[in-house]
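See structure below.
Numbers here simply count residues along the sequence, with the first being 1. Keep in mind the model is a prediction, meaning the values are calculated, not measured.
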Amino acid sequence: AVIYQDYMESNSLNANLAQKLSNVVFIQKIDCKHPNMVKAILFQSHLNQVISVPIVHQKAYLPIYGSEYLIAFEDRFGRRYIKSVEYEHTLLMKLNKPTKDFLELVPLEKSYLLYHFLHKPEFEPLETEEISPVLRFLAQEVVSEAGKNAYRIKLVEYFLKSRTYDRLEEYLQNDDLKGYTGTDQRFLIGVMIDRNLFQIAYERLKRDDFQNMDTERLRTFLTAKIEECNFEVDDFLLQVSFFLFEKRIENEKILSYLAKYFYGTCRQMEQLWIATRNIQIDTFDLEERILVQMLYTEAYLQYCDEIFAHYMESNGKKLVQQAYLAYFAFCYVIHDSMENQFILGRIEIALEQKEDVIDMEKLALLKGYSESEVLSDKKFNLAFLLYQEFAIKKVRLGFFKDLPLEVTNQYPINELRYLEHRSKPGTKVVIHYRIGTEEFFHEEMEVLFPGVYGKEFVLFFGDTFEYYISEWVDNEE
């Protein structure tokens, strides 16, 4: 070591000497203070290699490349010690030249590569002359993934700074970059998006938490991928699209993509429809999905009538239109929901145009007329015809008594003899009653109309009438 030191100090360094120095220049002498230790074991940060050497006369020699390491000692029984054994370590040789000088002479020598890059400060960027050596360093199997990852990021940063974009794009496609997470992963994906490497970014984003990405970059990526896939459905792109929509970082292409394919809650799809109202986007499929899902789940949406109206203007399917009108007619007649003038108006138009109108829709219109203070001649005539139709069918509902007498006088209503109950269609409804002091009778109520049950009674002046109603669900009262 002394001879080699003299050679280095005399500036006689050459490739042959540098090669021979690599075997000893990083060796440190370990003086163990405990006489019973037989082995020294070296663990170095960022290296996969564990080095174990014998202790002879309380001395051992270990090649130490990095600044972060741990030395353990082992006795003859195999027991290991770390903090409880004192030792001193001495560097046998001192480098009087930078390691990059040695790497110029022997560029493939592993020991110089390890020492140079394991000692390089974390914040210090790569220099141009370090690019080839760092690639060789990254190829060393002994270096751990954690040790390599920091330099892979530094390499990307160097390519960006030096504007060597061809090498950058080639390197970004390297499989070695697949193991990143968190901040480093987002940095790499951001660079990929900036360099229009959208397919690689797509594969990374599917594995990573895209919600922590910069939203502007994410929008750039998404817009490009939607175009690239020719607006074909992709579940992941839909997920990203709705995420950006909720952040209000969308654009027309993203909204169009969502309008074409997105399935969510009724409320989510309604919000999407609202966002597309002032943009020339085809919302036909979206409107149909909203209406069908709303009817299936019996949800109520604030803009459902506007959505339905636009769907009708776009020549929506007749089956969907009929289902929508029938549903709201049912809610109005059976569940006493609020009167909906839009729905009643559509039913009136359908009747005027001789379209197929189901009885429930006709009853809804008739109920609307019963709640109107004044009827126009047209509505009066229609009410007369509708009431006549149901009277002939012997359909009697409670609101009929609120129709003008001129409508009902041909088939008068005797409300004192009639009791009505509303429930879910198909329910078995039983009335229990008695007149005066008689015992209670019970009988199943007649289905006057799906969801409407009735019972007629003959009562005389002074009669007292008591009753209660029970419903049977799954054969249980």
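- Cation-pi geometry between Lys260 and Phe231 is not met: the NZ or CZ atom fails to fall both under 6.0 Å from the ring centre and inside 45° of the normal.
- A donor-acceptor contact shorter than 3.5 Å links the side chain of Ser144 to the backbone of Gly147.
- Within the 3.5 Å criterion, the main-chain N or O of Phe77 finds a donor-acceptor partner in the side chain of Asp75.
- With hydrogens and angles ignored, the 3.5 Å screen pairs no side-chain donor or acceptor of Arg217 with any backbone N or O of Ile193.
- Using modelled atom types and a 3.5 Å distance limit, the side chains of Tyr158 and Thr128 yield a donor-acceptor pair.
- A distance-only check finds no donor-acceptor pair linking the side chain of Glu298 to the backbone of Met294 [under 3.5 Å].
- Rounding to the nearest 0.5 Å gives a distance of 3.5 Å between CD of Gln293 and CE of Met269.
- Rounding to the nearest 0.5 Å gives a distance of 8.0 Å between NZ of Lys318 and CG of Asn315.
- Although no hydrogens or angles enter the test, the distance criterion places a donor-acceptor pair under 3.5 Å between the side chain of Ser241 and the main chain of Leu237.
- Geometrically, Lys148 does not engage Phe137 in a cation-pi contact, judged by NZ or CZ lying under 6.0 Å from the ring centre and within 45° of the ring axis.
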Under the side-chain contact (heavy atoms from CB on, under 4.5 Å) rule, what do Leu21 and Tyr112 come out as? Steps first, then yes or no, please.
CA-CA 10 Å; Leu21 280 171; Tyr112 294 123; 3.5 Å; yes
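- With ring centers used as reference points, Phe245 lies 6.0 Å or more from Phe262.
- Side-chain contact check for Thr283 versus Ile307: every heavy-atom pair is 4.5 Å or farther apart.
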Going through the distances and angles, do Gln44 and Tyr65 end up as a side-chain contact (heavy atoms from CB on, under 4.5 Å)? CA-CA 8 Å; Gln44 299 187 76; Tyr65 301 109; 3.9 Å; yes
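- With Arg422 contributing its side chain and Val333 its backbone, the two residues share a donor-acceptor pair below 3.5 Å.
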Exercise for the section: Before giving the answer on side-chain contact (heavy atoms from CB on, under 4.5 Å), spell out for Met192 and Glu169 the whole-Å C-alpha distance, their side-chain angles and the decisive distance to 0.1 Å. Expected result: CA-CA 8 Å; Met192 291 169 184; Glu169 292 173 10; over 6 Å; no
Task: Worked check of side-chain contact (heavy atoms from CB on, under 4.5 Å) between Asp336 and Lys367 - done: CA-CA 10 Å; Asp336 287 323; Lys367 183 179 179 183; 2.6 Å; yes
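- Side-chain contact between His421 and Glu471 is present, with heavy atoms from C-beta onward closer than 4.5 Å.
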